[in-house]
Structures are given as C-alpha cells and as structure tokens.
Number of protein chains: 2
Amino acid sequence: MMREFKRKSRILLVDDNAEHLRGVKELINLETNYDVVGVTTSANVAINLIKKYRPDIVLMDINMPEKDGLQAIQEIEKLELDTKVIALSGYDDADLIFRAMKLGAKGYVLKTMASAQLIYAIDEVAAGKIYLPSALSSRFFEYFQRSFKNEAAVQQEENLLTYLTSREEEVLDLLTQGNNYKGIAAKLFISETTVKTHVNNIFQKLQVNDRTQAVLYALNNGFANRRRVKAAV
Amino acid sequence: MMREFKRKSRILLVDDNAEHLRGVKELINLETNYDVVGVTTSANVAINLIKKYRPDIVLMDINMPEKDGLQAIQEIEKLELDTKVIALSGYDDADLIFRAMKLGAKGYVLKTMASAQLIYAIDEVAAGKIYLPSALSSRFFEYFQRSFKNEAAVQQEENLLTYLTSREEEVLDLLTQGNNYKGIAAKLFISETTVKTHVNNIFQKLQVNDRTQAVLYALNNGFANRRRVKAAV
DNA sequence: TTTAATCTAAATCTTTGGATGGACAAAACA
DNA sequence: TGTTTTGTCCATCCAAAGATTTAGATTAAA
C-alpha cells in the first residue's frame, strides 16, 4: 500500500534569510515526494514566480522587512489558484497566527520547530488539510474566543439602547438604513414632525448630537442583533 | 518528577444518553487524576449542578433534544466561572464545531473517537489549553476561512472606496467617527468650506446623498480595513 | 383614580448640511 | 512642455436637520 503513483508536490520557498532558506531546501529535498521548484528572498518576486510556475505549496516567511509576508499571503489568495500557503514564522504570537489563518494560510509553522514537524505540516497541507500544531492551535483559539467574548460583553454592559422604546427602535432602525426624516415618515405612516420628536428622544437617550453619531452608536453596540435587520444602503 | 500533589480535577458529565454516560464515567474513573463529581442527562439540571459544585471540567453533549447543548455552553460561559467546557458530539459538522468554539468551549470531541483521545483532550484542557483534535481543527479552519473569504470578496468587487483620494479618505475617516464639518475642519487644519468640497466629492464618488449613507457605505465595504482606524464614538 | 409613559403632532427658530460654480497653486504625468 | 489631478478656498442659496416647547390621546401601572 501507499504505492500510488502520485505526482510530486511542487514547493516554493520564500524567506529573506538565505541561510535558513538553504537549510529548509535541503531538508525538503531529502523527501522523495516533494520538489523544491524555486526559492526566493523577496515576497514580490515570489508573487511573480507563483503566477508563472503554479507551485502546489508555498512556504512563506512572514517576518520579512521589505514586504510583509502577510500581505503577500493576501495577494496570493486573491489570485485564486490552487496554491496552498504555509506561513513560516519566528513568533508564536496569537495575533500573527490569527491574521495568517484569516488571510487563508493553510498552515503555520514555527522556525524553531523540529524539521519533522515541518515535514508533517507539509504532508497534511499537501493532502488538502489545514494544519496548525497543537500549541499554536491553542493560541489561536484563545485569541478567537477572546474576540468573541468582548463582542458579547459589549452588548451587555449598560447599553443605552435598552432605554429605547420599541417605536424609537423602529425609527433608529430606519436611520441605520440611511433614511432621512421624510423617508422615515413615509415608511411609518406618521408625520415628519413626529419622526423628529422620536429622533430627538433617541439623541437624548443615546447621548449623541446627530444622526450619524446615533447610527454609529447603534452599529457599535449590537443594535442589529437586538433587532433582526439586514445590511444597510 | 510529575510528582506534584495536584488536586484532582473534578468533572461533570452531561449526556442525555444514559448508556453512553455510564461508559464515559467508568472510563474517567480509571484515571487517577480525575473525579467524576456528577452526571446528568439534562442540560437544565447541569447548569444548577455547575453553580453548586463548581466542577473544573464539564463534558457536555451538544446533541440533546430538550435543551440545546450549545445554548447550555453559552449559559455556562455567562456565569464567568473557571469551569471549562468540552463539547461532546456525534457529528464532525464544521458549523457545529465553529459555534461551539465561538461560544467558549475549550474542546470538542467526537463520541466515536477512541477513549484515549478523550482522556488526552481532558488532560490538555485541564492543563489550561484549548484542544481540538487535528481532524476537527482542520474542519474548523475551512469554515473559518470560508467565512472570511466572503468578507474579503465584498471588499474587492467594484469598491467605490478605491476612487477616493487620500485626503478624501482622511475626511471620510473623520466622518465615520461622528464629526461634523466644523470638527473635521479643526482636526485637519483646513477651512470648513474645503471640508464641504471634499465631502461633496465623496458623495459623488460613493453615489450617496448624505453623510449617514456615506458612513454606512464605508462601514459596509471594509473602509476600516483600508485605513487603520479604531472604533468610533 | 391619579400617575407615569408613550406616541402622536405642531409651531417656531437656529444651526448645520449640501449643491453649485468658480478660482488658484502645486504636483504628478505624459 | 502642456494637461490632469489634487488640494485648497470662497460665496451663495436652499433644504434638511435639530432644539425647544407645548399638548392631546392612549394605555399601563400604582
């Protein structure tokens, strides 16, 4: 078994550290099922090489000075090729990991990790999976959950939106869709002056000065979650 | 080594399948460092048990009919205790995994997995980490990246924001912070009439009628990502 | 039954916003 | 070199937004 005649996966290496570049290249060349089809120290060059040679996998250092590796990942993803990017980094910073994965990286490996782990990551990604080493995965999730926890918290703590009457909510809803007084009056079948009264009351309760601030307050404090509303404009 | 006098971790089991419940309990009781301090087939009962006994870890079946296990996780997280929840599920559905992790689950384990893997997950979570088996983690990330890909797509397709000059971007930025003409003029050290000119040009380019619509357009089309800006109001 | 909220509405007034058209200098571009 | 873009500024005019006050009708709560 395991005797399929599978095409070798073609790999491109991007790392501004020529030293490290050589090391990784040799390491991968020891593997029978991978071919290093290119190496470069520049992210800009990498983009062009990828367009030309369509490698299966790109090992991308994201701690480069000149052009940011994360930005490079973003550009590569925009190309909509089948190329899979594995981020290579010196840091296990949660924010870095999160951003790399968000941009579409299929893996994230630390430079300090054992070479066997790098090969394993490549194997997994080549097989179509997304691979994050357990330790980094844990980091990622802490960050992920924290960001959602804050989001949930915002919607609780003394939210001025709770003081609005249901009619005021309706009016605010229409405000957050870009309506003016006339438009709101027409949609609610009430007079324009009545709308003005409601809007003024909303300003008082939200402690803002104008409609733009009211809309911003609503959007920043989970108003859409309170009322089931679709996107605006 | 490994000879610390660590307090045993106290575990609560929640599963509407009494059969499975017994099996897991016996499995965990084989471990010297864990105590099962309670079992229940009801999510509602579980919440109360957690309030009373403050277990270190809860194994929560999320495929229960009566009360949704996910909802239970949410309620447990709201209590802000140190209790760590591991989701237990029969399905490796990406959406389920995503939602469980989003709600704060510290782990997600399939019922079909080997018992050794369940114990390993408990070990990791007890040690303060977040644990997702590699296969599920891969599922999670596919879902995660897909959701961000759509978001990124919105920001590409014919985005009117790209037509703005850098000065206009500055002005729009201040608009999205709730400033009026006077405020913007003061902050940019230019006259109010100049601001009006810029704002009018912005309206033209974004094809909107007033500032509120402009702000809404900006927010709905990833303007904040284009410029590095903090929250408004 | 009184009290309090809410929704509605109007009148008046002030401020702000927005449209339009024109002007000029600097910089970028071809 | 001329041409275009950008950023700055002004005046005018009208529309819209917002502040303030007053008040009738309805309904729910005390």
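No hydrogens, no waters, no symmetry mates; every other heavy atom, side chains included, goes into these values. The chains referred to below are lettered A, B, ... by the order of the sequence lines, with proteins before strands, and numbering in each begins at 1.
Between B:Phe141 and A:Phe140, the distance separating the two ring centers is shorter than 6.0 angstrom.
Residues B:Lys84 and B:Asp56 are not paired through a salt bridge, judged by the lack of any N-O separation under 4.0 Å between the basic side chain and the carboxylate.
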Checklist entry - After noting the C-alpha distance and the side-chain angles of A:Val45 and A:Asn48, does the key distance pass the side-chain contact (heavy atoms from CB on, under 4.5 Å) rule? => result CA-CA 5 Å; A:Val45 173; A:Asn48 290 325; 5.6 Å; no
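One end of the helix from C:dT1-D:dA30 to C:dC29-D:dG2 points its axis 50° away from the other end's axis, with each axis taken from 5 pairs and the angle rounded to 10°.
Residue pairs meeting the salt bridge (Lys or Arg N to Asp or Glu O under 4.0 Å) criterion with at least one partner in residues 35-49 of chain A, sequence neighbours excluded, are A:Lys8-A:Asp35.
Side-chain contact annotation: A:Gln204 with A:Asn200, donor-acceptor N/O pair under 3.5 Å absent.
Look at B:Thr165 and you'll find a side-chain N or O under 4.0 angstrom from OP1 or OP2 of D:dG7.
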Heteroatom pairs (N/O) under 3.5 angstrom, protein to nucleotides 27-30 of chain D:
none

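A:Lys187 meets the side-chain hydrogen bond (donor to acceptor under 3.5 Å, both in side chains) test with A:Asn179; sequence neighbours excluded. Listed by chain and number, the residues in a salt bridge (charged side-chain N to carboxylate O under 4.0 Å, His left out) with A:Lys129 are A:Glu124 (sequence neighbours excluded). Judged as a side-chain hydrogen bond (donor to acceptor under 3.5 Å, both in side chains), and not counting sequence neighbours, the contacts of A:Arg167 are A:Glu170. Among residues two or more places apart in sequence or in another chain, the salt bridge (charged side-chain N to carboxylate O under 4.0 Å, His left out) test is passed with B:Glu168 by B:Lys205. With sequence neighbours excluded, the residues satisfying side-chain hydrogen bond (donor to acceptor under 3.5 Å, both in side chains) with B:Tyr163 are B:Glu158. Applying the side-chain hydrogen bond (donor to acceptor under 3.5 Å, both in side chains) criterion to B:Asn180, with sequence neighbours excluded, gives no partner residue.
A cation-pi geometry, defined here as NZ or CZ lying under 6.0 Å from the six-membered ring centre and within 45° of its normal, holds between B:Arg211 and B:Tyr181.
Taking atom CD on A:Gln204 and atom C1' on D:dT21, their separation rounds to 13 Å, with Å as the unit. A:Leu175 places its CG atom 16 Å from the P atom of D:dA16, with the value rounded to the nearest Å. Distance B:Leu164 CG to D:dG7 P: 10 Å, rounded to the nearest Å. Between the CG atom of B:Asn201 and the P atom of D:dG7 there is a distance of 9 Å, given to the nearest Å. In this structure, B:Gln213 places its CD atom 10 Å from P of D:dA17, rounding to the nearest Å. Rounded to an integer number of Å, the gap from A:Phe203 CZ to D:dA19 C1' is 11 Å. The interatomic distance linking B:Glu169 (CD) with D:dG7 (C1') rounds to 15 Å, in whole Å. Atom CZ in B:Arg167 sits roughly 9 Å away from atom P in D:dC9 (whole-Å rounding).
Where DNA chain C meets chain B (any atom under 4.0 Å from a heavy atom), the bounding nucleotides read 5' to 3' are C:dT16 to C:dA19.
A heavy-atom distance below 4.0 Å to DNA chain C is reached by these residues of residues 182-198 of chain B, ordered by number: B:Lys182, B:Lys196.
Annotation: side chain of A:Leu12 is not in contact with side chain of A:Leu59 (no heavy-atom distance under 4.5 Å).
Heavy atoms of B:Asn180 sit under 4.0 angstrom from primed sugar atoms or phosphate atoms, though from no base atom.
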Acceptor/donor pairs from residues 97-106 of chain B side chains to any protein atom, 3.5 angstrom cut, sequence neighbours excluded:
residue: B:Arg99; atom: NH1; partner: B:Asp95; partner atom: OD2; Å: 3.1
residue: B:Lys106; atom: NZ; partner: B:Gly104; partner atom: O; Å: 3.1

